[in-house]
2 protein chains.
Amino acid sequence: MTQPSDKALVPFVSVDHMMQLIHRIGIGPMLQGLAEYIEADFRRWELFDKTPRIASHSAEGVIELMPTSDGEVYGFKYVNGHPKNTREGLQTVTAFGLLADVGNGYPVLLSEMTILTALRTAATSAMVAKHLAPKGADTMAMIGNGAQSEFQSLAMKAICGLTTVRLYDTDPAATRKCAANLAGHGLTVVSCTTPEEAIEGAQILTTCTADKQYATILTDNMVGSGVHINAIGGDCPGKTELAPAILHRSDIFVEFPPQTRIEGEIQQLDADHPVTELWQVMTGAAPGRVSDRQITLFDSVGFAIEDFSALRYVRDQLADTGLYHALDLLADPDDPRDLFGMLQRAAP
Amino acid sequence: MTQPSDKALVPFVSVDHMMQLIHRIGIGPMLQGLAEYIEADFRRWELFDKTPRIASHSAEGVIELMPTSDGEVYGFKYVNGHPKNTREGLQTVTAFGLLADVGNGYPVLLSEMTILTALRTAATSAMVAKHLAPKGADTMAMIGNGAQSEFQSLAMKAICGLTTVRLYDTDPAATRKCAANLAGHGLTVVSCTTPEEAIEGAQILTTCTADKQYATILTDNMVGSGVHINAIGGDCPGKTELAPAILHRSDIFVEFPPQTRIEGEIQQLDADHPVTELWQVMTGAAPGRVSDRQITLFDSVGFAIEDFSALRYVRDQLADTGLYHALDLLADPDDPRDLFGMLQRAAP
C-alpha cells in the first residue's frame with residue numbers, strides 16, 4: 001500500500017487526548033494559558049479576517065461554521081446548538097475545529113472542541129472580568145449550573161482570584177452536580193435555592209442557561225450597582241437572559257458588534273445602542289470600568305477569534321506532549337498532478 | 001479511562017480507505033453511483049439551503065467552506081485552491097468534508113475529499129454532458145492533463161459512452177502521465193501536441209487548467225458548432241479559460257448563478273447575461289440541448305450540493321464495506337450537563 005506523505009497527515013487531538021492534555025497541564029494553568037492567547041489575539045484584532053458565523057438554522061437548533069484568519073494561519077470551528085438535546089441525553093453544544101496554513105491551504109491541526117469550547121468560553125469570560133469587574137471582586141453568582149458552570153468558576157478563580165461561587169439552577173440536581181464537581185478545587189461553594197440568594201454579596205453575576213427563548217434570568221431589581229455581569233447564555237436570535245432594563249443601566253462590552261447585535265442580549269435594544277468593543281479595552285483605545293458604581297456587562301456570544309486562539313494554544317502544546325494522532329486526511333501524491341496514479345498504485 | 005459513547009465516535013474515511021473503497025466498487029461504477037446521487041439532489045434542488053461558498057482569500061490562494069443542508073442532513077466541505085502549490089510538490093486542491101444530523105447537530109461522517117472531489121467533479125461533468133452533449137458524442141478533447149484529467153475521462157466513459165479522449169497540455173510530461181494512467185481503461189487515448197489537434201473530431205471539449213489568471217485556453221475560431229464545452233478550470237475570481245466570444249455563441253448552463261457569476265467563465269459577461277440553471281434541465285422545467293448546431297457550455301465551478309451528494313454516497317457504502325475508523329471527535333458524557341465530571345473522571 002502507498003504510504004501517505006508527511007504533509008498528508010494532520011495532527012488530530014481526540015476527546016481523550018484533550019482530557020489528557022488538560023490533566024497534564026492542570027486546568028488552572030491551562031485556563032490561564034488560554035486567556036493569555038485570547039488576550040494576545042484581541043490585542044491584534046484589527047488584522048484578523050472577521051465575518052459573522054455562518055449559521056444553518058432548523059426547527060431543532062443551529063449548526064454553525066466560524067472561520068477566521070490572521071493572514072498566516074486560518075482557523076474555523078464547527079459547532080451546533082440544540083437546546084432540546086439535553087432532554088435526549090446529548091450535549092447541547094458539540095464542536096470541533098481546524099487550523100490550516102494560509103500559504104498552501106493544508107490543514108495543520110484538527111481538534112475536538114466540545115471541551116475546548118467550554119475552556120475558551122470560560123477563559124474569555126475571566127479575561128474580560130479581569131478588565132471589567134470591580135477591584136477586589138472575589139464572589140461570583142453562577143446562575144445556570146449546566147455543562148459550562150464548573151469551567152466558568154475555575155477560570156474566574158485562576159484568572160481573577162475568585163474565592164467564592166454561589167450556585168443556583170432551576171434544577172437542584174444541576175446545582176448538586178456542580179457543587180460536587182467543584183469540591184477540592186479551592187473555591188468556597190455555596191448552593192442557593194433562589195437566584196436572589198445566589199447574587200447576595202456577589203460582584204460578578206454569571207448567567208449561563210440554555211433555553212432557546214426570551215427568558216428573564218435576571219430581573220432589573222436583582223441587579224445593584226457596582227457589579228460585573230457575565231452573560232453567557234444569550235447567544236442566538238430569540239435567546240436572551242436579561243431584562244432589557246438591566247441593559248439600559250449597564251455599560252455593554254461585546255466581542256464583534258455585527259454578530260452580537262444579532263445573537264446577544266443587545267438584540268433586545270436598538271441597532272445603534274452604544275457598545276464598546278472589547279479589543280479596544282485590551283489595547284487601551286477605549287475605557288473599561290471607570291467607576292465603582294458602574295454596572296459593566298459582557299454580552300458574550302463567542303467569536304471565531306477565541307476559537308482560533310484556543311486552537312493555537314493546543315497546537316503549541318503538541319510537540320511537548322505528543323497527545324495527538326496523525327490522521328490520514330489529505331491525499332498528497334509525490335507528483336501533485338498524479339492524483340490518479342496514486343489511486344491506481346493503491347490497488348490491492 | 002472513561003470510554004467515549006457511541007454517539008461520540010464519528011466514522012472517518014481516510015485517504016487510504018477512500019482509495020480502497022474506489023477499488024472495491026470499481027471506479028466506473030462508483031462514478032456512475034456518484035452521478036446518480038448528484039442528479040437526484042439536483043432534482044430536489046429547491047429544498048436545499050443554498051449559499052455561495054465562504055471564501056478566505058490570500059495572496060497565495062483561497063480557503064473555502066461550502067455548507068448546505070436538505071433539512072435532515074447538513075454537510076460542508078473544506079477546500080483550498082493554491083495554484084502555486086504544484087511548483088512546491090503540493091496539491092493545488094485538498095479537501096475534506098463532513099455530514100451531520102440536522103436534528104441534533106452531531107456529525108455522522110468525516111471524510112477525505114481530495115480524491116472524492118475529483119470524482120464528484122468528474123461525475124457532475126459527465127452527468128451534465130449526458131443531458132447536453134450532442135447525441136452520439138463519443139470523442140472528448142481533454143485540454144489540461146493535470147490531476148482531474150483521468151477522472152474526467154473515465155466519468156465521460158462510464159456515464160456518456162465516451163470511446164476516445166484526445167489529450168493536450170502545455171507540458172508534454174502531463175500528457176504522458178495522463179495517457180499512461182488511462183492505458184488499460186478501455187478508452188482510445190490520442191496524445192496531441194496542439195490544442196487545435198486535440199479538438200479535431202471532438203464533440204465534447206473539456207478545459208481544466210490551473211492558472212489563476214484570465215487565460216484563453218480556447219479561442220473563438222477553435223470552437224465549431226454542435227459541441228458541448230465542459231469548462232472546469234475557471235472557478236474563482238480572475239481565473240477563466242474561454243475567450244468571451246465563445247461565451248456569446250454558447251447557451252450557458254450553470255449550477256448556482258450567484259456563485260457562478262463571481263467565479264465562473266461568465267464573470268467575463270454582464271451580470272444579467274442569460275444562463276440556465278442545470279437543476280431545471282434535470283427536472284424538465286428548462287430545455288437542455290435543442291439543436292444539433294448549438295454550442296452548449298457547462299460553466300462548472302463546483303457547488304456544495306455536489307459534495308453533499310458525494311458524502312451521502314460514501315456514507316451509504318460504509319455499512320457494507322467497513323472502510324472507516326471510529327474517530328473520538330465528540331465529547332458526550334452520560335449526563336450531558338456533566339462535561340466537567342467526564343473530564344474529572346478521566347484523570348490519570
Side-chain angles (χ1 to χ4, degrees), chain A residues 1 4 7-8 14-16 19 22-23 49 54 56 58 60-61 63 65 67 69 71 74 76 78 80-82 85-86 88-92 94 96 98 100 102-106 112 114-115 118 146-147 150-151 174 177 181 328-332 336-341 343-344 346-348, chain B residues 1 4 7-8 14-16 19 22-23 49 54 56 58 60-61 63 65 67 69 71 74 76 78 80-82 85-86 88-92 94 96 98 100 102-106 112 114-115 118 146-147 150-151 174 177 181 328-332 336-341 343-344 346-348:
Chain A
M1 201 194 71
K7 294 193 188 67
S14 68
V15 172
D16 182 50
M19 295 194 294
I22 296 166
H23 288 295
D49 243 9
I54 300 103
S56 176
S58 65
E60 296 89 358
I63 296 176
L65 299 174
S69 164
Y74 169 94
F76 83 89
Y78 168 102
N80 75 297
H82 286 69
N85 272 7
T86 307
E88 299 166 13
L90 300 175
Q91 287 288 108
T92 301
T94 66
F96 69 91
L98 180 116
V102 167
N104 60 28
Y106 274 46
E112 89 79 34
T114 308
I115 298 171
E150 299 92 344
F151 298 97
K177 179 259 336 178
N181 281 336
D328 175 23
L329 184 64
L330 302 176
D332 188 69
R337 292 181 306 191
D338 199 14
L339 188 63
F340 188 85
L343 169 63
Q344 197 141 261
Chain B
M1 200 193 71
K7 295 194 188 67
S14 67
V15 172
D16 182 49
M19 295 195 294
I22 297 166
H23 289 295
D49 243 9
I54 300 103
S56 177
S58 65
E60 297 90 356
I63 295 176
L65 299 174
S69 164
Y74 169 93
F76 83 88
Y78 168 102
N80 75 297
H82 286 69
N85 272 6
T86 308
E88 298 166 13
L90 300 176
Q91 287 287 106
T92 301
T94 67
F96 70 91
L98 179 115
V102 167
N104 60 28
Y106 274 47
E112 89 80 35
T114 308
I115 298 172
E150 300 93 343
F151 298 96
K177 179 259 335 177
N181 282 338
D328 175 22
L329 184 64
L330 302 177
D332 187 68
R337 292 181 306 191
D338 199 13
L339 188 63
F340 188 83
L343 169 63
Q344 198 141 260

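Scope of the values below: all heavy atoms of this structure, side chains included, with no hydrogens, waters or symmetry mates. A note on names: the letters A, B, ... follow the listed sequences, proteins ahead of strands, and every chain is numbered from 1.
Although no hydrogens or angles enter the test, the distance criterion places a donor-acceptor pair under 3.5 Å between the side chain of A/His23 and the main chain of B/Leu343. Under a 3.5 Å cut-off, the side chain of A/Asp328 and the backbone N or O of B/Ser14 do not form any donor-acceptor pair. A/Lys177 contributes no side-chain N or O that, together with a main-chain N or O of B/Asp338, makes up a donor-acceptor pair within less than 3.5 Å.
The OG1 atom of B/Thr86 sits 7.5 Å away from the CZ atom of A/Arg337 when rounded to the nearest 0.5 Å. To the nearest 0.5 Å, atoms CD (B/Gln344) and CG (A/Asn181) are separated by 5.5 Å. Remark: B/Tyr106 OH to A/Thr114 OG1 distance equals 7.5 Å, nearest 0.5 Å.
Chain B forms more heavy-atom pairs under 4.5 Å with one residue of A/Val102, A/Ile63, A/Ile22, A/Leu98 than with any other, namely A/Ile63.
The two atoms that bring A/Asp332 and B/Gly89 nearest to each other are OD1-O, 4.4 Å, heavy atoms only. Looking at every heavy atom in both residues, B/Ser56 comes nearest to A/Tyr74 through CB-CE1, 3.7 Å. Shown here for B/Gly103 and A/Asn85, the closest heavy-atom pair between the two residues is O-OD1, 4.3 Å. Nearest heavy atom pair, residue B/Glu112 against residue A/Ala331, reads OE1-CB, 4.3 Å. When all heavy atoms of A/Tyr78 and B/Ala100 are compared, the closest pair comes out as OH-CB, 3.0 Å. Minimum interatomic distance between A/Leu339 and B/Ala118 (heavy atoms only, all atoms of both residues): CD2-CB, 4.0 Å.
The part of A/Ser69 that comes within reach of chain B is its side chain, from C-beta onward, which places non-hydrogen atoms under 4.5 angstrom from that chain. The contact between A/Asn104 and chain B is made by backbone and side chain atoms together, counting heavy-atom distances below 4.5 Å. Contacts of B/Phe340 with chain A are made by both backbone and side-chain atoms, with heavy-atom separations under 4.5 Å. Looking at A/Leu90, the atoms closer than 4.5 Å to chain B (heavy atoms on both sides) sit in the backbone and in the side chain alike. For B/Ala174, the parts lying under 4.5 angstrom from a heavy atom of chain A are both the backbone and the side chain. Proximity to chain A involves both the backbone and the side chain of B/Ile115, based on heavy atoms less than 4.5 angstrom apart. Looking at A/Leu329, the atoms closer than 4.5 Å to chain B (heavy atoms on both sides) sit in the backbone and in the side chain alike.
Two rings, from A/Phe76 and B/Phe76, have their centers less than 6.0 Å apart.
Between A/Pro67 and B/Leu65 there is a side-chain heavy-atom pair separated by less than 4.5 Å.
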